[in-house]
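Report on the following structure.
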Protein chains: 2
Amino acid sequence: MIEPSGRRERKKAATRQKIADTALSLFLERGYDAVGIREVAAEADVAVTTVFAHFASKEALVFERDQDFEERLTRAVTGRPAHEPLIAALHREVRALVRHCTAEGSAPVRRMIEGSPALREYEESMGLRHAQALAAALAADPHLSRSTTACRATARFAIDAYALACRADDPGATVDEVFRMIEAAWEATAP
Amino acid sequence: MIEPSGRRERKKAATRQKIADTALSLFLERGYDAVGIREVAAEADVAVTTVFAHFASKEALVFERDQDFEERLTRAVTGRPAHEPLIAALHREVRALVRHCTAEGSAPVRRMIEGSPALREYEESMGLRHAQALAAALAADPHLSRSTTACRATARFAIDAYALACRADDPGATVDEVFRMIEAAWEATAP
DNA sequence: TTGTGAAATCCTAACGGTTAGGGCTACCTT
DNA sequence: AAGGTAGCCCTAACCGTTAGGATTTCACAA
């Protein structure tokens with residue numbers, strides 16, 4: 001449990017970042033399917049096994065920030081101001097996440113994801129994991145005495161809102177509309 | 001566009017069924033990951049390429065009835081009695097589907113699915129496809145003048161209900177509870 | 001009946017993601 | 001300064017999947 005202090009950690013992080021950057025730029029340049037793992041490794045000047053030491057799969061190279069996403073989502077619940085209603089906090093955070101993923105610079109990445117079934121599928125299954133984490137956060141909140149089922153359903157609904165909005169013509173409006181539905185669903189579970 | 005009359009169709013269906021049956025029984029016997037496609041093919045006495053002529057992937061061998069599922073779901077909407085409210089019809093159908101998948105004999109299959117990340121992921125992405133089909137059916141219903149977003153969200157919520165219920169301790173109660181939420185969400189979108 | 005086209009199947013070889021095995025080097029700790 | 005180990009490397013392989021092209025089997029019409 002000791003925190004190793006320095007160079008090794010930095011080098012590891014640098015290697016990871018270099019792999020992710022190299023991969024993304026190759027993917028964007030020539031297409032996700034057209035670039036192989038062996039090629040990514042060669043271009044990043046590491047061994048294939050090193051790539052898989054840092055990323056669990058080829059798809060994971062594209063969703064480097066996965067971890068952040070989940071943390072932001074759960075923190076939006078656990079760390080919200082004492083008086084703020086749950087759904088409002090969730091709504092705000094999901095809106096921010098959607099803005100992030102529909103921002104100017106993200107368009108080519110989004111196009112790439114939509115263009116590859118493997119990536120779409122992977123993104124969905126990430127959403128699943130995030131929904132589970134969120135459901136756990138909801139269930140742990142002492143201010144919300146709701147059933148496990150209500151927590152799980154609400155968590156999935158929130159992820160649905162995100163997924164729908166990222167692909168919608170008007171992402172902002174979509175988030176708002178779906179959250180009006182979620183609000184009603186949540187109210188319906190009040191004890 | 002001619003309907004070929006008989007033997008060829010029957011033989012093809014028989015081959016398909018034999019492959020699916022062989023695969024499922026091998027998977028249940030020795031574990032999904034421990035059985036390779038080459039082995040399934042050998043045991044079913046067909047070529048590997050024939051397996052893939054009938055099933056798009058190894059996972060698809062397990063979800064043979066995929067097509068039925070989607071049809072039942074959309075038909076529950078498009079074919080409901082003229083007076084029956086949408087959510088009630090959906091609720092009824094999802095409850096039936098859940099009962100089907102939590103029935104006595106399905107337990108080993110469920111266990112196998114839950115035990116393999118690849119299968120869980122595949123099932124989720126099937127759900128996605130079904131949600132899209134369902135959303136299209138909702139959008140096409142002339143009696144429900146709701147926004148595209150409302151239709152898409154409701155479709156995903158319904159699939160969520162199914163997914164949650166299949167894994168819940170009390171599947172029936174879970175379906176009912178989540179559908180109370182969906183009902184409220186749907187009402188909130190009334191024009 | 002037989003010839004013809006097409007569908008279903010087969011075989012082989014390969015491709016691409018992924019992992020096991022085992023070894024080397026550089027860093028951290030003591 | 002020495003030992004231990006984390007991070008990295010190489011090679012060879014496994015497994016799902018597909019391309020290519022040959023072969024069989026059936027449906028249908030001449």
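Note: hydrogens, waters and symmetry copies are ignored here, and every other heavy atom, side chains too, is used. This one's a predicted model, so the numbers in the text were calculated from it and none came from an experiment.
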Check whether more than 12 heavy atoms from other residues, nucleotides or ligands sit under 6.0 Å from atom CD of A:Glu124, and answer yes or no. yes
In terms of heavy-atom contacts, does CZ of A:Arg129 have more than 12 from other residues, nucleotides or ligands at under 6.0 Å? yes
Roughly how many Å is it from CZ in B:Arg10 to P in C:dA8, rounded to a whole number? 14 Å
Close residues, residues 40-50 of chain A, relative to DNA chain D [heavy-atom separation under 4.0 Å]: A:Asp45, A:Val46, A:Ala47, A:Thr49, A:Thr50
I need the CD1-C1' distance between B:Ile37 and D:dC15, as an integer number of Å. 9 Å
Between atom CD in A:Glu59 and atom P in C:dG17, what is the gap in whole Å? 9 Å
Tell me whether the guanidinium CZ or amine NZ of B:Lys58 lies under 6.0 angstrom from the six-membered ring centre of B:Tyr122 and within 45° of its axis. no
Could you tell me whether B:Glu43 atom CD has more than 12 heavy atoms of other residues or ligands within 6.0 Å of it? no
When you measure only distances, ignoring hydrogens and angles, does the side chain of B:Arg38 come within 3.5 Å of the base of D:dT17 through a donor and an acceptor? yes
Quick one: pull up OH in A:Tyr32 and CE in A:Met112 and give me the separation to the nearest 0.5 Å. 8.0 Å
In terms of the angle between their ring planes, are A:His91 and A:Phe179 parallel, tilted or perpendicular, with boundaries placed at 30° and 60°? parallel
Given a 3.5 Å cut-off on both pairing distances, which stems involving DNA chain D, each at least three consecutive Watson-Crick or G-U pairs, are present, if any? C:1-30 with D:1-30
To the closest 0.5 Å, what do you measure between CG (B:Leu128) and CZ (B:Arg156)? 5.0 Å
C:dT9 C1' sits how many Å from B:Phe55 CZ, rounded? 15 Å
A:Arg8 atom CZ is separated from D:dG7 atom C1', nearest whole Å, by 7 Å
Under-4.0 Å side-chain N/O to phosphate OP1/OP2 contact, B:His54 with C:dT9: yes
Using atom CZ of A:Phe52 as one end and atom C1' of D:dC9 as the other, report the distance to the nearest whole Å. 15 Å
Hey, does the side chain of A:Arg92 reach the backbone of A:Ile87 with a donor-acceptor pair shorter than 3.5 angstrom? no
Take B:Val178 and A:Phe157 through the test side-chain contact (heavy atoms from CB on, under 4.5 Å) and record every step on the way to the result. CA-CA 11 Å; B:Val178 178; A:Phe157 292 178; 4.1 Å; yes
Could you tell me how far apart A:Lys58 (NZ) and C:dG16 (P) are, to the nearest whole angstrom? 9 Å
Between P on C:dT18 and CG on B:Asp33, what's the gap in Å once rounded to a whole number? 14 Å
Kindly say if A:Lys11 contacts the phosphate of C:dC27, meaning a side-chain N or O under 4.0 Å from OP1 or OP2. yes
